[in-house]
Amino acid sequence: LEDVEADARILAQQAGRDGDTASGDSVVAQDRIRLDGLFTTFVSERGLVGAWGLDTAGRVFAQARGVGTPLPAEVDAAREAVRTGASSVVGPYLTRDKRVRVAVVTPVRGATASHGTAVRGAMVIVLDPNRTLFPLVLHDPSGVLTARFRLVERVGDDLVVATPSVVPRAGPMELRTPWARARLAARAVMGIDTSGVATSVDGRRVLAATSHVADAKWGIVRGMDLGEVYAFADDELRNELIITLGLCCLMTAVLAGWKQQERSIKLREVSESEARYRLLAENATDIIIREGPDGTYRYVSPACRQLLGYRPEQLMRIEPGHLFHPDDAAVVERFREQALHDGGAVTAVYRMRRKDGQYAWFETTCRAVRDPVTQQVDELVTASRDITERMRAEEEAVQLARYNELILASAGEGIFGVDHDGRITFVNPAGARMLGQQPRDLLGRDEHEVLHHTREDGSSYPVSGCPIR
């Protein structure tokens, strides 16, 4: 929803700059025509359901053409944004004709007579989750078709499944279960990520992993039938029981029963632990790698395909040294040595080569897993996150700052910056030379006392008449 939230902020800023939208003079009428056209363009290009601007009383002052009026729930959310001054995501919720909608609400702020800002209304953008949100949630990057993703939220005293369901077959918002019974899934809505065995909405026992969606009152639950999880362990258990009974035919029935129970418990614990680890690792957006102390890869998570273009089995066959940028080889080597010898997690930033030959920046956290008896390093576990966009943004910010500094330094006119209290916040070298001082000696001083405290005839120029104030 980040793109939609960014659109809402852009539209809210534009509405806030167009004056008092609740009045009825001709200038405001022209503003409304311009805002209606802007809203219509956004709705058409982004494939949205609608976009409205509401004033502090909940009345529509601008809207995209042909979208009708906002629903009561959307008007209530706009009033709440006006009251709190905070943005929010509302839904998913059903319309009267059983359609699903999600609304992004952002307060509209405008300038006041005292040069401040105040909330003057709210921007409401509504989208159809069936087009973008639900397909994203339901997409399974791991290829485990029997596991199912569901987006859940709390509605009243029920836990509601917002996404459509195949087993059992149900449309969006149709699957409901009492909140008190949905213990594991409810944790995801409350912001607690967890995993374990639970009962599904259709009464089956499942192994589930839950994740909270940040900045929203949603949770994502992925469940797999417990019978499927234990299928492999049950086959192994049967084979061991046959061998055990063949070798221990003279053992008593009590000893055989005890042995069977002990093996069953151990195998089930190992199976559930391994299934839980893979369920979490294979659905992470970061690349998770387990490698031996010699650098050979033992496991690579499926996220490598999206971030680097390689399938896990392809990446495991590549010499690790060929993945890193030559200029970062020393960084990677120091990073591995530190992870092998330190007791905690270590972090490094370096570049990795994608399958298409381009390099991307990654931030990697590594922790050594040691043998509990010998304390020797058994393997290294790394989690790598793509930060290419962040690095590019930081570089652009540095270049922009240098560019602005060059402009100010090379200008022949004196350029001053002042805050709301009239104090000098910056001055270029030309401005300081005009006053016969250094720039650092002018920062923080009152500009009226420095620049125009006296008229040409030598009389005092009062602060009350200062046009800058």
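All heavy atoms count here, side chains included; hydrogens, waters and symmetry mates do not. Source: prediction; values computed, not measured.
Remark: side-chain polar atoms of R176 are not paired, donor with acceptor, to backbone N or O of V155 under 3.5 angstrom. Side-chain atoms of T210 come within 3.5 Å of backbone atoms of T194 as a donor-acceptor pair (strictly under, hydrogens ignored). Side-chain atoms of E74 come within 3.5 Å of backbone N or O of L71 as a donor-acceptor pair. Remark: the backbone N or O of A64 is not paired with any side-chain donor or acceptor of T40 at under 3.5 angstrom. At distances below 3.5 Å, not a single donor-acceptor pair connects side-chain atoms of D55 with backbone N or O atoms of R120. The closest donor-acceptor contact from the side chain of D286 to the backbone of A383 lies at 3.5 Å or more, if one exists at all.
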What pairs of donor and acceptor atoms, side-chain ones from residues 305-314 against any protein atom, are under 3.5 angstrom apart with sequence neighbours left out?
| unit_1 | atom_1 | unit_2 | atom_2 | d |
| --- | --- | --- | --- | --- |
| R311 | NE | E313 | OE2 | 2.9 |
| Q314 | OE1 | R311 | N | 2.9 |

Name the atoms and distances for all side-chain donor-acceptor pairs under 3.5 Å in residues 43-53, with sequence neighbours left out.
| unit_1 | atom_1 | unit_2 | atom_2 | d |
| --- | --- | --- | --- | --- |
| R46 | NE | D7 | OD2 | 2.9 |
| R46 | NH2 | D7 | OD1 | 3.2 |
| W52 | NE1 | G68 | O | 2.9 |

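Remark: H448 NE2 to I424 CD1 distance equals 12.5 Å, nearest 0.5 Å. Between R290 atom CZ and L380 atom CG the span is 11.5 Å, to the nearest 0.5 Å. Note: L35 CG to I33 CD1 = 10.5 Å, rounded to the nearest 0.5 Å. In this structure, CE on M352 lies 13.0 Å from CH2 on W361, to the nearest 0.5 angstrom. Rounding to the nearest 0.5 angstrom, the gap separating the OG1 atom in T425 from the CG atom in D419 is 6.5 Å. One finds the CD1 atom of I192 at 12.5 Å from the OG atom of S211 (value rounded to the nearest 0.5 Å).
Residues T382 and T365 fail the side-chain proximity criterion, which asks for heavy atoms closer than 4.5 Å. Within the 4.5 Å cutoff, the side chain of L323 has heavy atoms near those of the I318 side chain. Within the 4.5 Å cutoff, the side chain of L435 has heavy atoms near those of the L442 side chain. No side-chain heavy atom of E379 sits less than 4.5 Å from a side-chain heavy atom of Y299. Residues F335 and T364 meet the side-chain proximity criterion, which asks for heavy atoms closer than 4.5 Å. Residues V124 and L54 are in side-chain contact: their nearest non-hydrogen atoms beyond the backbone lie under 4.5 Å apart. Q438 places a side-chain heavy atom less than 4.5 Å from the side chain of D441. Here the side chains of F426 and P439 are not in contact, with every heavy-atom distance at 4.5 Å or above.
In terms of heavy-atom proximity, A339 sits nearest to V346 at CB-CG2, 3.7 Å. Among all heavy-atom pairs drawn from L315 and V300, the shortest one is CD2-CG1, 3.6 Å. Of all non-hydrogen atoms in P107 and A81, the two that sit nearest each other are CB-O, 4.0 Å. Across all their heavy atoms, V102 and G91 have their closest contact at CG2-C, 4.5 Å. The two residues A12 and M123 have their closest heavy-atom pair at CB-CB, 4.0 Å. Of all heavy-atom pairs between R34 and Q14, the closest is NE-NE2, 4.4 Å.
Contact check on R354 versus D386 returns a salt bridge, with a Lys/Arg side-chain nitrogen under 4.0 Å from an Asp/Glu carboxylate oxygen. With respect to the salt-bridge test (charged N to carboxylate O, under 4.0 angstrom), the residues E363 and R385 do not qualify. Using a 4.0 Å cut-off between charged side-chain N and carboxylate O, D421 and R423 make no salt bridge. A salt bridge links E80 to R83: at least one charged side-chain nitrogen sits closer than 4.0 Å to a carboxylate oxygen.
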| said: side chain to side chain donor-acceptor pair (under 3.5 Å), that's the test. Do E153 and Y93 meet it? Break it down for me. | reply: CA-CA 10 Å; E153 63 174 329; Y93 51 89; over 6 Å; no
| query | Should E389 and R392 be marked as a salt bridge (Lys or Arg N to Asp or Glu O under 4.0 Å) after you check the CA-CA gap, both sets of side-chain angles, and the distance that decides it? | reply | CA-CA 5 Å; E389 292 301 322; R392 184 178 294 116; 2.7 Å; yes
| request: Could you walk me through whether E291 and R336 pass salt bridge (Lys or Arg N to Asp or Glu O under 4.0 Å), step by step? | output: CA-CA 11 Å; E291 61 178 273; R336 291 193 79 260; 3.1 Å; yes
| Stepwise side-chain contact (heavy atoms from CB on, under 4.5 Å) test for L11 and F42 | CA-CA 9 Å; L11 295 178; F42 266 81; 3.6 Å; yes
| Chi angles and distances behind the side-chain contact (heavy atoms from CB on, under 4.5 Å) call for V398, E394 | CA-CA 6 Å; V398 171; E394 291 176 356; 5.7 Å; no
| Residues R353, Q358; criterion side-chain contact (heavy atoms from CB on, under 4.5 Å); working and verdict | CA-CA 6 Å; R353 183 168 57 85; Q358 299 296 318; over 6 Å; no
| side-chain contact (heavy atoms from CB on, under 4.5 Å) assessment of V369 paired with V381 | CA-CA 7 Å; V369 178; V381 179; 3.8 Å; yes
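Shown here are the side-chain contact (heavy atoms from CB on, under 4.5 Å) partners of N130, two or more places apart in sequence or in another chain: V100, D128, F134, P172. Judged as a side-chain contact (heavy atoms from CB on, under 4.5 Å), and not counting sequence neighbours, the contacts of A77 are V90, V105. Partners of R9 under the side-chain contact (heavy atoms from CB on, under 4.5 Å) rule, at least two apart in sequence or in another chain, are E5, A6, T106.
Listed by first and then second residue, the salt bridge (Lys or Arg N to Asp or Glu O under 4.0 Å) pairs that reach into residues 320-333 are D328-R351, sequence neighbours excluded.
For R154 and W179, the positive end sits near the middle of the six-membered ring, less than 6.0 Å away and at most 45° from its axis.
Ring centers of Y350 and F324: under 6.0 Å apart, within the cut-off.
D356 CG: more than 12 foreign heavy atoms inside a 6.0 Å radius.
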